[in-house]
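Okay, structure first, notes after.
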Amino acid sequence: MSTPVSPNGFRNALVLGGGGAVGILWMTGLAVGLRELGIDLSRADRFVGTSAGAVVAANLANEVDLVALVAAMPAADPDAPQVDGSGLQQIIATVMALGLSVTESRRRIGELALERNVGDPADHVTRMSRLLGSTGWPDRDLVVTATDVATGRLQTWFPDGKATLGEAVAASTSVPGIFPPIPVDGRYYIDGGMISPINAGLAAGAELIVVVEPMAGMFPHAPSDSELGDATVMFVVPDDEAKAAIGPDVFDRAALGPAYDAGWRQAAEVATRLREVWPTA
């Protein structure tokens, strides 16, 4: 006899964290490798996606053919211009010098991001939508996180029509100083990772929570990430070989292929931990 579903309506949850373009490929390789081993991450009852994790969560929730999606992506070109992260560094340095509270710091980061001319928000929506195998919200329990510029607080997007999937994912991946804040219904939003790199608290209520965190150890978790009740929590993070493949620059085009391969390879070890607990057909 199966155990009853929690009052929240989901028994298991998949939480996917931030990690830039390279993190997207590592998580995608991991998901492909796990599926080849009989473990389908798209069988989660709830998906929580933050920043890079929002892209992968949306694709898993929409049951996209990840192999075909990766094959359709442009090949990594080591000579192509790299994403300039200096804007983010300048914003963080400015805000840290002000001695603000956490929430006020997020608001100031958002204000500074709005002041910078780093492109048209519509272009970023288009850019992120190209990474989605389906641009429509899935008929699944998918949560995409962002940070409200005006309040500095967490914004959660659901398949409720308040934002398109492309807008929600673009907002979640809008790294301040690198990509433009995304407007939705008159308000602006930036990267959900400003709140937490994983936002695991949104999975509270599940019996099993699997957290996939490409940038584990690089950014502190929020207190809510530990407020998960009696859930069994399993963290999946890059092993030493994957860390080397991912490298220090999560937007390094030359690292995309190696990161995907590292995720696919690491799936064998992760499968041994998931096989007895993850839902099957």
| query | Distance-only, no hydrogens or angles: does the Asp141 side chain make a donor-acceptor pair with backbone N or O of Ala13 under 3.5 Å? | reply | no
| query | Nearest heavy-atom pair of Val118 and Ile178: which atoms, and what distance? | reply | CB-O, 3.8 Å
| task | Look at the side-chain heavy atoms of Ile, Leu, Val, Met, Phe, Trp and Tyr, link any pair under 4.5 Å apart, and say whether Leu142 and Ile198 land in one connected group. | result | no
| said: Please check: side-chain N/O of Thr28 versus main-chain N/O of Ile24, any donor-acceptor pairing under 3.5 Å? | reply: yes
| message | Please list all pairs meeting side-chain hydrogen bond (donor to acceptor under 3.5 Å, both in side chains) that have one or both residues in residues 96-105, counting only residues at least two apart or in different chains. | response | Glu104-Arg107
| field | Spatial distance of atom CG (Leu256) from atom CD1 (Ile246) [nearest 0.5 Å] | value | 11.0 Å
Donor-acceptor pairs under 3.5 angstrom involving side-chain atoms of residues 228-235: please list them, not counting sequence neighbours.
none

| message | Please determine whether side-chain contact (heavy atoms from CB on, under 4.5 Å) holds for the pair Val149 and Leu114, giving the CA-CA distance in whole Å, both sets of side-chain angles, and the decisive distance to 0.1 Å. | response | CA-CA 9 Å; Val149 167; Leu114 281 170; 3.7 Å; yes
| note | Closest heavy-atom pair, Ile195 versus Ala146, reported as atoms and distance to 0.1 Å, is CG1-O, 4.4 Å
| message | Once rounded to the nearest 0.5 Å, what's the spacing between atom OG of Ser224 and atom CG of Leu202? | response | 7.0 Å
| query | Quick one: do Val277 and Val210 end up in the same hydrophobic cluster if we chain Ile, Leu, Val, Met, Phe, Trp and Tyr together by side-chain heavy atoms under 4.5 Å apart? | reply | yes
| For Ile109 and Met194, what are the C-alpha separation, side-chain angles and deciding distance, and is it a side-chain contact (heavy atoms from CB on, under 4.5 Å)? | CA-CA 9 Å; Ile109 287 171; Met194 293 291 103; 4.1 Å; yes
| note | Scanning both residues in full, the closest heavy-atom pair of Pro181 with Pro121 reads O-CG, 3.5 Å
| Which salt bridge (charged side-chain N to carboxylate O under 4.0 Å, His left out) pairs, counting each pair once, include a residue from residues 210-229, with sequence neighbours left out? | none
| field | Side-chain heavy-atom pair Arg273, Val236 within 4.5 angstrom cut-off | value | yes
| said: Restricting to non-hydrogen atoms, name the atom on Gly33 and the atom on Ala267 that form the minimum distance, rounded to 0.1 Å. | reply: C-CB, 3.5 Å
| field | Joint cluster assignment, Val48 & Val169, ILVMFWY side-chain distance < 4.5 Å | value | no
| message | As a test of understanding, state which of Asn12, Ile39, Asp45 forms a side-chain contact (heavy atoms from CB on, under 4.5 Å) with Pro279. | response | Asn12
| Quick one: OG on Ser174 to CD on Glu167, what's the gap to the nearest 0.5 Å? | 12.5 Å
| said: With rounding to the nearest 0.5 angstrom, report the CG to CG distance, Asn62 to Leu69. | reply: 11.0 Å
| query | For Asp239, which residues count as a side chain to side chain contact (heavy atoms under 4.5 Å, CB included) partner, sequence neighbours excluded? | reply | Glu241, Ala242, Arg265, Gln266
| task | Answer yes or no: are there more than 12 heavy-atom neighbours, outside Arg35 itself, under 6.0 Å from its atom CZ? | result | no
| Separation between CG of Leu66 and CE of Met27, rounded to the nearest 0.5 Å | 11.5 Å
Expected list for residues 50-58: side-chain donor-acceptor pairs under 3.5 angstrom, two or more places apart:
| from | atom 1 | to | atom 2 | distance (Å) |
| --- | --- | --- | --- | --- |
| Thr50 | OG1 | Thr145 | OG1 | 2.8 |
| Thr50 | OG1 | Asn199 | ND2 | 2.9 |
| Ser51 | OG | Asp191 | OD1 | 3.2 |
| Ser51 | OG | Asp191 | OD2 | 3.0 |

| query | What heavy-atom pair brings Pro197 and His221 nearest, and what distance separates the two atoms? | reply | CG-CD2, 3.8 Å
| message | What verdict does the side-chain contact (heavy atoms from CB on, under 4.5 Å) test give for Val175 and Phe251, after you've listed the backbone C-alpha separation in whole Å, the side-chain angles of each residue and the deciding distance to 0.1 Å? | response | CA-CA 11 Å; Val175 182; Phe251 294 103; 4.2 Å; yes
| Can you name the residues that form a side chain to side chain contact (heavy atoms under 4.5 Å, CB included) with Thr151, not counting sequence neighbours? | Asp148, Arg153, Arg187
| Between CZ on residue Arg46 and CD1 on residue Ile209, distance to nearest 0.5 Å | 10.0 Å
| For Ala122, side chain to side chain contact (heavy atoms under 4.5 Å, CB included) partners two or more places apart | Asp120
| said: Checking Asp240 now: which residues fulfil side chain to side chain contact (heavy atoms under 4.5 Å, CB included) with it, not counting sequence neighbours? | reply: Lys243
| query | Does one hydrophobic cluster hold both Leu131 and Trp264, with members joined at side-chain heavy-atom distances below 4.5 Å? | reply | yes
| note | Heavy-atom closest pair (Gly110 atom, Ile190 atom, distance to 0.1 Å) is CA-CD1, 4.0 Å
| Is the side chain of Arg11 donor-acceptor paired with the backbone N or O of Leu208 at a distance under 3.5 Å, no angle test? | no
| query | Is the count of non-hydrogen atoms from other residues, nucleotides or ligands lying under 6.0 Å from Asp139 atom CG greater than 12? | reply | no
| query | Listed by chain and number, what are the salt bridge (charged side-chain N to carboxylate O under 4.0 Å, His left out) partners of Arg140, not counting sequence neighbours? | reply | Glu63
| note | ring-ring contact (aromatic ring centres under 6.0 Å, His included) pairs touching residues 187-219, sequence neighbours excluded, are Trp157-Tyr189
| request: Hey, could you give me each pair passing ring-ring contact (aromatic ring centres under 6.0 Å, His included) that has a residue in residues 98-156? Not counting sequence neighbours. | output: His124-Phe179
| message | I'd like to check the side-chain hydrogen bond (donor to acceptor under 3.5 Å, both in side chains) partners of Asp40; sequence neighbours left out, ordered by chain and number. | response | Ser42
| Can you hop from Leu14 to Leu132 via hydrophobic side chains spaced under 4.5 Å? | yes
| field | Working for side-chain contact (heavy atoms from CB on, under 4.5 Å), residues Leu30 and Leu34 | value | CA-CA 6 Å; Leu30 179 71; Leu34 285 172; 4.0 Å; yes
| task | Count the heavy atoms belonging to other residues, nucleotides or ligands that lie under 6.0 Å from CH2 of Trp278, then report whether that count exceeds 12. | result | yes
